[in-house]
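This report refers to the structure that appears directly beneath it.
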Amino acid sequence: MSLRPSVDAMRLVVPTLALTALLAAVFWLQPRAMSYMGLNLLFNLAVPIALATLAQMFILAVNNLDLSIGAFVSFAACVSATFLQSTPLIGVLILLAAIAAYAAIGAVIHLRNLPSIVVTLGMSFVWTGLAVLLLPAPGGSPPDWARSLMTTKPPLVPMAIVASVIIALIAHLIVTRSSLGVLIRGVGGNERSVERAGWSVLWAKTAAYALAGTFAVAAGIALVGLTTSADANIALRYTLLSIAGVILGGGEFVGGRVSPVGAVIGALTLTLAASFLSFMRISPDWQIGAQGAILIIVLALRLFLNRLERQEGRA
Amino acid sequence: DTSDKSIALSNNYAGNSWRQAMLTSWETVTGPAVENGIVAAADAFTTAENQVTEQAAQIQNLILQGYDAIVINAASPTGLNGAVREACDAGIVVVSFDGVVTEPCAWRIAVDFHQMGSDQIAYLAERLPDGGNLLEIRGLAGVFVDDEISAGIHAGVEEHPQFEIAGSVHGDWAQDVSQRAVAGILPSLPEIVGVVTQGGDGYGAAQAFAATDREMPIIVMGNRHDELTWWKEQKDANGYETMSVSIAPGVSTLAFWVAQQVLDGAEVPKDLTVPFLRIDQDNLEENLANTQEGGVANVEYTLEDAQDVIAEAQ
Amino acid sequence: MTHAAKLLQKPWIWAYLAAILVWILTVSVTGGSSAIGLTHAAFTFASFAVIVGTGQMLVITLGPGNIDLSVPATMTLAGTVALKVMAVDNTMILPGLLIAIGIGIAVGSANYALIKLLRIPPIIATLCMSFLVQSTAIWTNRGLRVKPPPALAEFATSSPLGIPNVALVALLITLGAWVLLERSLYGRWITAIGQSMAAARMAGIPVDGARALTYVICAVLASVAGYLLASFSGGAALNMGAEYLLMSIAVVVIGGTSVAGGYSNVPGIWGASLFMFLVVSMLNTYGLGAGFRMIMTGVIIIAVILLASRRQTSSP
Amino acid sequence: MTPDTAPPLIEVEQARLRFGAVKALDGATLHIRPGECVGLVGHNGAGKSTIVNVINGALTPDEGTLRAEGAPVERYGIKAAHALGVRCVFQELSLCPNLTVIENTRIVHRELGSGRGLGWRSTARRIIERSLDEIFPGHGIDSRATVGSLSIAQRQMAEIAMAFSDAGAPPRLVILDEPTSSLDATLAGQLLAQVRRFVDAGGSVIFISHILHEILSTSDRVVVMKDGNVVAERPAGGFTADSLFEAMGSVAKPENAAQARRDLSSAPVLLEQRGRGLPFRAHRGELVGLTGLSGHGQTEMLLELYRQRSGDWLPLRDPAVAFVAGDRRVNGIFHLWSILENFAVASLGDLTRRGLVNDSAVADKGDGWKRRIEIRTQDMNNPILSLSGGNQQKVLFARALATRAPVVLMDDPMRGVDVGTKREVYQILREEAAGERTFVWYSTETEEVCLCDRVYVFREGEIVAELVGEEINEANILAASFQGEAA
Ligand SMILES: Nc1ncnc2c1ncn2[C@@H]1O[C@H](COP(=O)(O)OP(=O)(O)OP(=O)(O)O)[C@@H](O)[C@H]1O
Ligand SMILES: Nc1ncnc2c1ncn2[C@@H]1O[C@H](COP(=O)(O)OP(=O)(O)OP(=O)(O)O)[C@@H](O)[C@H]1O
Ligand SMILES: [Mg+2]
Ligand SMILES: [Mg+2]
C-alpha cells in the first residue's frame, strides 16, 4: 500500500485552503492587514469563537448537538465580568458548578435517551435567564489577568495567532492523543463497540459534555477579556458559529468524525469571512444574506470534499 | 481642512424603522458632503446581527481600513471599549452617539435616556394630577437602553407617588410582541390611566387596549409614523391628547459633523448632549407631515447645527 | 380502564392541563373578573403560534434532525412584501395573500433543494436560508412599516362571532392539518417517513416528494402567519417573526408530538400555544422579571421532554 | 491434545436466556479447556452468538452457572471476562470506523493507557503491527489509517489481529464468530494456521462457522447447537461433513424442493440489469434466486432494482416492484403503527377516495389477508410489535403481495422465521408465481434457493454463475461461490 496522507490530514485540506484563499483575498483588498497589528485585529475576536467551536466539537463528537453553547458562553462571560472579577473564589465555584451542570445534562441525555437538540434548546433559555438575572444591563469588568492575557503583545507573532495555535494544540492533544479523546470519538463512531470493550459510554458522554463546558467557560472568559464587559446576549451568535465552525473544519454531524485543528481553522475562517465581507463593502441590506451564502458555499465545498474522499477510497 | 479624511459609520442593528431612518439620514447628509469635497469618504457599515462581538470585529476592520474617524452607534456602552481603545491608539477619532461608549478617549453624543423616562411621568403628572395606575412597556431584557429608560420611569414614579406601576411587560421594542404582552396582562390589571413606553410599542399597546372595552389611557408614543397617525385619528375623532418622545434618527448626522470638526482640529468637549425629539399636541400635524410614511419623525443636522451644539457645551 | 385514566394517556392532555392550571392561577389574581378578557386574548395570540406550530409539526414529524429554522424570516418576508404589494388598498387583499403564499412556496422549495442537493443537514440549511430571506426582507422596503388595507386589519382584529377571527382561521388550518395527517395519503407517508425513512422508501412511498411538500407546507403556513400577524398588528416589522422560532418548536414538543418523528399531535398544538401565552401572562401578572421568565420557559420545555420520554419507555 | 487434568478455562452450565418470547438459550452447557479449539455450529438462531456473548460477559443468563478456572464467578461481566483473557471477534464488524487501527487497539485494550499518559500510541502501534505481521504476513494495512478507509477484509484482519494481540493481559480464549465470511481463501488459511499456533501454545479458541470443512479441519472438538441447546458434542474426528449436517438437524432434501421446476425462458422478460458480471434477467411468473456468500452484493442489486423502478418524487400510479425486507427492524416495519397500518401502507394508493384513506376498504383488505396468510392476532389494530417476529415478517409479505406490483423483490426475508411459517410462505409464493407474479429472492439458505426456477450466484459484487433447473444444488452453489476453491 502506498504512503498516503492520513485521513486526518486530508480532512484539513479544504479548511486550510479556504482560510488561505480568504486571507490572500483580504491582504489583496487591504494590504495594511499584512502586519503584526493587522493580523491581531483580524483574528483576536476569533479566539473565543474558536474555544466555543471546540466546545461544540466535543458534543458533535458523541453525535449530539448543542443549541445552548451561545447562551452558556454568555452566562460564563457574565459570571466572569462580575463574580470572577470581584470575588474570584465564588466566581470559580459558580463556573465549576456550571461545568458540572453541563456534564449532568450530558448524563441525563444519555440515560433517558433524550433528543439533545430539545434539551439544550431548553437549557439555552435557562442560561440566558440566569445571565439576565446576573447582569440586567451590560456591564461588569474583566478580571485583570484575563484582560492582560488577551492584550499581551508577544514578540514577532500577535497574541491572536499564538492563542489560536496553543488552543488548537491543547485540543488536539485531548482529542486525538489522549485515551479520553479516543474514547469520546469511539462513542461517536460505534457506541456498541466501545461498550463491548468494557468502557462506560455514560462516562464518556459525561466527560464530553464536561469538556465542552470547560471550553465554553474559557470562551466566556476570553470574550470578557477582549470586550471588557459582558451582557446577557453577548455570545448568542456563538451557537450557530460554533456549529458552522466545526462543519467548516471538516467535522461531521454524526460518526465521531471531528478535527480540533480543523475546528479552530473553521472558526478563524468564519471570522475572516465576516471581515472579508466588510472589506468588500457589500450593501448593508445584503450583509446578513452574504453570511448565509458563504456558509452554503463552504458546506457545498464539504460535499465536494466528501465525494473526492469517497472516490479515493474506491480507487 | 478635512478633504482627504474619511469617516466610517459603525452600526450594530438595522432591523427597525428607526435604524433604517438613521442610515437614510446618514446617506442624505454625507452624500453631498463627500461630493463637495468636505470629506473624502463617509461609508456606513452594519453588522449582520445585533451583537457586541460582531461590532467589535467590525470596528477592528475599520481600523485596518485606515479610516480617520469612526462614528459608532454602539451595541453596548462598555462592550466595545476594547475595540475603541485600539482605534484611539491607532490615532483614530471615535465619536459615539445614541448608544454611547464609556471609553474616555471617545466622544459621546448622549441622549439622556434616564430623563426620557422621567419626563414621561412628569408629563403624566401634569395631565393627571390625581395619579393612578400605570402600565410600563419595557424593551429587550439585558440591554442598557431598556434599563436606563426604565430606571428613569421608576425614578419619576418615586417623585410622583400618586402614580403606581401596576404592571410591567417586555415588548422587545417590537410591535407584535408588545401587543401580545399587553393583551396578556391587561385582563388582570385594574384601571390603567397611562402607559409609559420606550419607543415603537405605543401603537401595539393602543391596539391591545382597543381590543378590550377599557377606556383608552394616555399612551406615550415614540415618534413612529403609525403611532402619530393613530394619535391624529384619535385627536380628530375625540380630542385624544398625549405626547410622543424619541431620539431623532438624524442624530447620526450630528455625529458625522462632530467627527468632521474634531478632524478639522476644532476644540470639542468629550461629552455633548442632544435633546430628544418631542412631539406635543400642538405640533403633531406639522411633525406628521414631515415624517416619511412608515418611518420615524426625524431631524437632520447641518454643520452649523453641530457647531452650535459644540459651542453650547463649551 | 376508566375514562379519566384513558384521557391521561393522551399525549396532548398535559398541555391542556398545564394551560388550565396557569389560567386559573392568573385569573384568581383578579378574583375571576379577568376570565373573559384573558381567554379572548389567549385565543387571539395563540392563533399565530398555532399556525406556525402546525407547519413546524409536519416538519418535525419527518424524523430526527428535521427542523425548519427559516420560519421567522419567512414570516417577515411574507408580511413585508404582501403589505407593500397591497399598499393599503382593500382590493389587493387577495393578491397580497397569494403573494405571501408564493413566497412560502419559494422558500420551502429552496430549503429542500439545499437539503437534498447539497446534503446540508436541515437545521443548517434552513438557517442559511433564513439569512438570505431576512436580507431580502430588508432589501424590499428597508423596514418601513406599511399599514395593512383597512378591511384586512378590521378582519384580523375583530371577533364578530365572539371568537377572534384569527382564531377561526387557525382553527380551520388545524382542522385541515388534522385531516391531512390522520386521513390522507400524505399524512400516512410523512408519519411513515418519520418512523423509518429506509422502510418508507421500501414501502413505495415517494420520500423526496413527501419531504419537499412538507417543507413547502411549513413555509407556506409561516407566510400565512406572517401575513395575518402583519395585518393584525398594523404593519410588518423586520423583527416580526423572531419570537416564533423557538415558539414554533416549543409548542410542537409541549403539544405531545414526538421529536423522534413519526408521531404528531394536532390538538396538542392548541393546548401548548394557549399555555405558552398564558404562562407569560401569568409571570407578567405576578410581576416576575424577564430572567426568571426565561428560566421557567427552559425548565418547562425540559420537564415536558422528560415526561414524554417516560411515556415512551413505559409503553410497550 | 490437552491433559484432562487441567481445569476448564470457562464452564457454562445449564444456561437459559430469553429475549421476550424467544428462548435464545435453553439449558446450554459448554466447557472450554486450555489448549483446545472448539468448533461451534448450528442453524441460524440456534444460540451460538448468544452463548459466546455469555462467555465474554456481554450477556448475563437468566439461569445457569458460570465457572472460570474451576471456581464459580459471582459478578461476571465484560471487564471480568477481559481480565480472564477472553477476547472476541464479533459476527458483525465492530470496530469504530472513524478511528485508526491504532486507536481501535486502544479501545479494545483497556489496560493500555494506565500509567503511560499520552505514550500509549507507540505501544499500541507496536502491539497491533506485530500481531498483524505474525498472523497475516504481507497484510498491507497501515495502522495509522482509519478503519473506515479499509476494505471489509482488512477490517476483519485488523479485528482478528487485535483479539490475538497482547497488551499486558495476555489473551487466553479467543472467540471467533464467523470470522472467515469476508476473508478469501489465503487469508482464511492464514487465520486457521494462527488458530492452530495459538492453541498449540496453550490458548483456547471458540470457532463459529457455517463452513463445515473449516470447522472439521481446525477444531479439536465440535459442539452442535440447536434451538438454544447443545445437541451433540464429539471430537472433530468423530464427525464427517454429512454427519455434522445431520446433527444440526438440517433436512438434506426438503420434500417441497422436489417440485417441478418450470422453464420460463420463453415468458416475457420483466426485469433486466447489466452489471460487471453476467447480466441479470427475470421472466414473468418466475422465481429467481440470488445466492452466494452473504454480503457479496445481492442486497445492493435488489436495492438497485428497486430504486430504478420506484418513484422518489411522485407516487407511481401502477407500482412496478414491491419489496420485502429481510432486516425488518431497519427497513421493514413501522414500529409505532398497528398491524393494519403496517400492512396497508404500500397499497394505500388503491384504497383512497379523493385523497382520503378509505378506512373500511383498508380494514376489509386487511381481514382478507389476515385470513389468507394466517396472521396470528386477535385484532389487526393491535400494535405491530405485539406480534412475534415470524408474524411480523408475514405482515411484510402480505404488504408486498397486496400491491398490484408484478415483481416482488425479497431480501433474505426468512431470517428468524420458524419452519412452520416458512412452509406457509413457500406455499403462498408458489401460488402467486403460478399467477404470473415474478419473485426475485435473495436467500442465504440453500433450502430456499433450491425452490427457485433459476439462480444467480454472486461473488464480490457481481454475478459469477447462473444455475438452472437440476443444476441448482448446494454443491454447485458452493463451488460457484468460492470459484474453484471448494471444488
Ligand atoms: N437482543 C436480542 N433481542 C431479542 N432476541 C434476540 C436478541 N439477540 C438474539 N435474539 C434471538 O435469540 C436467538 C438466538 O440468536 P443467536 O444470535 O445466538 O443465534 P446464532 O446461533 O448466532 O445465529 P446465526 O448463525 O444467525 O448467527 C434468535 O432467535 C435471535 O432472534
Ligand atoms: N434481535 C432482536 N432485537 C430486538 N427484539 C427482538 C430481536 N429478536 C427478536 N426480538 C423480539 O422478540 C420477539 C420475538 O421475535 P422472534 O423473531 O424471535 O420471533 P419468533 O419466535 O421467530 O416468532 P414466530 O414464532 O412467530 O416465528 C418480537 O417481539 C421481536 O420484536
Ligand atoms: Mg450468530
Ligand atoms: Mg425466531
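This is a predicted model, so every value here is computed, not measured.
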Steps toward side-chain contact (heavy atoms from CB on, under 4.5 Å) verdict (A/V47, A/M159) = CA-CA 10 Å; A/V47 173; A/M159 184 58 189; over 6 Å; no

message = At a 4.5 Å cut-off on heavy atoms, which part of A/D231 comes close to chain B: side chain, backbone, both, or neither?
response = side chain

Greatest number of heavy atom pairs closer than 4.5 Å to chain B - which of A/V132, A/T128, A/N44 = A/N44

message = What part of B/T102 gets within 4.5 angstrom of chain A, counting heavy atoms only: side chain, backbone, both, or neither?
response = neither

task = Kindly indicate, with the supporting measurements, whether the criterion side-chain contact (heavy atoms from CB on, under 4.5 Å) is fulfilled by A/I59 and A/Q56.
result = CA-CA 5 Å; A/I59 310 283; A/Q56 184 70 265; 4.0 Å; yes

ask   = Non-hydrogen atoms of chain B under 4.5 Å away: do they reach the side chain of A/A235, the backbone, both or neither?
value = backbone

ask   = Among B/T30, B/D68, B/T2, which residue meets the side chain to side chain donor-acceptor pair (under 3.5 Å) test with B/Q260?
value = B/T2

query = Which atoms of A/I234 come close to chain B, meaning under 4.5 Å heavy atom to heavy atom: side chain ones, backbone ones, both, or neither?
reply = both

request  = Spell out, as yes or no, whether a donor-acceptor pair under 3.5 Å connects the side chain of B/Q120 to the backbone of B/T197.
outcome  = yes

request  = Begin from the C-alpha positions of B/L9 and B/M22 and carry the test side-chain contact (heavy atoms from CB on, under 4.5 Å) through to its verdict.
outcome  = CA-CA 11 Å; B/L9 167 65; B/M22 180 193 94; 4.3 Å; yes

request  = Measure distances from A/L223 to the heavy atoms of chain B and classify the residue's part below 4.5 Å as side chain, backbone, both or neither.
outcome  = side chain

task = Select one option (side chain, backbone, both, neither) describing which atoms of B/E54 are under 4.5 Å from chain A's heavy atoms.
result = side chain

query = Does any heavy atom of chain B fall under 4.5 Å from the side chain of A/Y238, the backbone, both, or neither of them?
reply = side chain

request  = Of all the heavy-atom pairs spanning B/T47 and B/Q58, show the shortest one and how long it is.
outcome  = N-NE2, 3.6 Å

task = Using a cut-off of under 4.5 Å on heavy-atom pairs, state which of B/A83, B/A90, B/G66 scores highest against chain A.
result = B/G66

query = Using non-hydrogen atoms only, which part of B/Q65 is less than 4.5 Å away from chain A: side chain, backbone, both, or neither?
reply = both

request  = Kindly determine whether B/N81 and B/V101 satisfy side-chain contact (heavy atoms from CB on, under 4.5 Å), including the steps that lead there.
outcome  = CA-CA 7 Å; B/N81 284 354; B/V101 296; 3.9 Å; yes

query = Of the backbone (N, CA, C, O) and the side chain (C-beta and beyond), which part of B/N11 lies under 4.5 Å from a heavy atom of chain A, both, or neither?
reply = neither

task = Give me the ring orientation class for A/W127 and A/Y102: parallel if the planes are under 30° apart, tilted from 30 to 60°, perpendicular past 60°.
result = parallel

message = Can you tell me which of B/I59, B/D147, B/N61 forms the most heavy-atom pairs within a distance under 4.5 Å of chain A?
response = B/N61

task = With a 4.5 angstrom heavy-atom cut-off, could you sort out which part of B/L64 is near chain A: side chain, backbone, both or neither?
result = both

task = Going by the ring pair (Phe, Tyr, Trp, His ring centres under 6.0 Å) test, name the single residue among B/F97, B/F256, B/F45 that passes it with B/W26.
result = B/F256

